[in-house]
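Since the structure comes first, as structure tokens, the remarks are kept for the end.
Worth knowing before you read on, the calculation uses all heavy atoms, side chains too, and leaves out hydrogens, waters and symmetry mates. Residue numbering restarts at 1 for every chain, and letters A, B, ... go by the order of the sequence lines.
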Amino acid sequence: MKSSVITRGPEETCRLGCLLASSLIKGDVVALRGELGVGKTCFTQGIARGLAVPEEELVTSPSFTIVNEYRGRLILYHVDVYRFSDAAELMNIGYEEFFFGDGVTVIEWADKVMELIPSHAFLIDFFYVDDNSRQVCFSGPESRMEGIKKSITEGGFAWL
Amino acid sequence: MLILGIETSCDETAAAVVEEGKKILSNCVHSQIDIHRRYGGVVPEVAARSHIEVIGPILSAALEDAGISWRDIDLVAVTKGPGLIGSLLVGLSIGKAIAYACRVPLVGVNHLTAHWSSIFLVNDEIDFPFVSLVVSGGHTSLFLCRGIDEVKLLGHTLDDAAGEALDKAAKLLGLGYPGGEVIDRLAKQGNSQAYSFPRAIRGEVNFSFSGLKTALVNLVKKKGEIEESELPDLVASYLEAVVDVLCEKTIRAAKEAGIDKIVLSGGVAANGRLRERLKAEAEGVGIKVFIPPVSLCTDNAAMVAAAGYRLFLTGNTDGLDLNASSRPAI
């Protein structure tokens, strides 16, 4: 099953994240992959809104701070391993607390730490289409994908 | 009064001894001293964020450089956040242990307050109130500072920090690490008007650098290969867009608050172009700009001691139940 969506502009990427969030439950891990400027942080801002993190809480890039934590319907751990050289560094920051805790973990640059990404994670790949548009590909546990497809298509996106 | 400062909020493990919140007796940062040689310890690559491996030797080095012993310490100042919880806890726990063992007061310091407090280490004339811009890899925040414990957040980045925008551009252009330094150097040789980059000046004090980064990605994609000869102009133009926004918003914030002093601090405050432009533009409208020397702009513990001393003087000490927070209130 092909499972991707095209977003046109940062606002749509953000809205797509928001739609995904409606299906997320505690313990979920969302692994984001894709090159610089492709919309990973923007998508996470949408997830935060969808998890009812208050508007006044600004969701900013954790590339330097590594982990930002937000309180919404569930705790959101926004992790970014951009500056890591390998998965061993993730162990140094106590990643088990995020991955196997009661919140939702979104991890940017997940390709650097794939060996530690749990099997129940959603994998979301972002591809550059043109200046504004991105292709966003979803994969994850079979049992959950239908629900995610439903919320995203009901939100107005075409599931390709 | 001798203050021991401890900083472990992000990458750097640092300890310093500062006298009366002003005179630096020692200022040791893990990435700057050769622990390997000095203590014969092994500091593997993966321990880059394992403060626990180096905090002991760094503390010993700070005392040794200052020529003092544990008994001479009068106050322990330690970063309580913002930062990575696991990292903060290393500094905080050892800070508590020292305060308890030496029977001296403990004071927790906000990392961003510590940054702008670095100005007190080098400047006698600066006094509150002032507007401060803390700009680094992880932060881009504007504060109105009326006292060491009377701080109001005026604005901060909505997405990427300015230092992150610079670092990621350096990486994208294959300029190597640390990105900020290479950009500073290359930009000096380039024409800052050669390329047009977007400036997110939306009539408010919050910053946004994500669009600028994406604009560079788009440009690089369109051009395919970037010739080495094009780099100076490209980097100079990109940096100019960052500096324009930082200067414009900081000066506007000061004007709106009716404040005639600006303090610039944080790792990006080491950038030559930012220092020069903010000074020139602010002073052109009657606002004085204070900037610590480059050596005190990046993370260090002397700034934590400087802030801690002032917090102590205003009655802000903490108990041993002080906790680290990834995002504390100011």
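With a 4.5 Å cut-off on non-hydrogen atoms, K168(B) touches chain A through its backbone and its side chain both. At a 4.5 Å heavy-atom cutoff, E97(A) makes no contact with chain B through either its backbone or its side chain. For T157(B), the parts sitting under 4.5 Å from any heavy atom of chain A are the backbone and the side chain alike. With a threshold of 4.5 angstrom between heavy atoms, V38(A) does not approach chain B through any atom at all.
Using a 4.5 Å heavy-atom threshold, the side chains of Y95(A) and V79(A) count as separate.
Test K40(A), H78(A), R33(A) against E108(A) for side-chain hydrogen bond (donor to acceptor under 3.5 Å, both in side chains) and you get one pass: H78(A).
Highest contact tally toward chain A, considering only E164(B), K213(B), H139(B), is held by E164(B) [criterion: heavy-atom pairs under 4.5 Å]. No other option in K222(B), K221(B), K171(B) has as many heavy-atom pairs under 4.5 Å with chain A as K221(B). Comparing P82(B), G137(B), S326(B) by heavy-atom pairs within less than 4.5 Å of chain A, the highest count is held by G137(B). Highest contact tally toward chain B, considering only C42(A), G37(A), S61(A), is held by S61(A) [criterion: heavy-atom pairs under 4.5 Å].
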Practice problem: Just do the salt bridge (charged side-chain N to carboxylate O under 4.0 Å, His left out) check on D11(B) and R83(A) with the steps written out, would you? | Solution: CA-CA 11 Å; D11(B) 297 347; R83(A) 299 191 301 133; 2.6 Å; yes

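N206(B) places no side-chain N or O within donor-acceptor distance of the main-chain N or O of G155(B), the cut-off being under 3.5 Å. Between the K112(A) side chain and the Y82(A) main chain, a donor and an acceptor come within less than 3.5 Å of each other.
A side-chain N or O of H115(B) and one of D299(B) form a donor-acceptor pair less than 3.5 Å apart.
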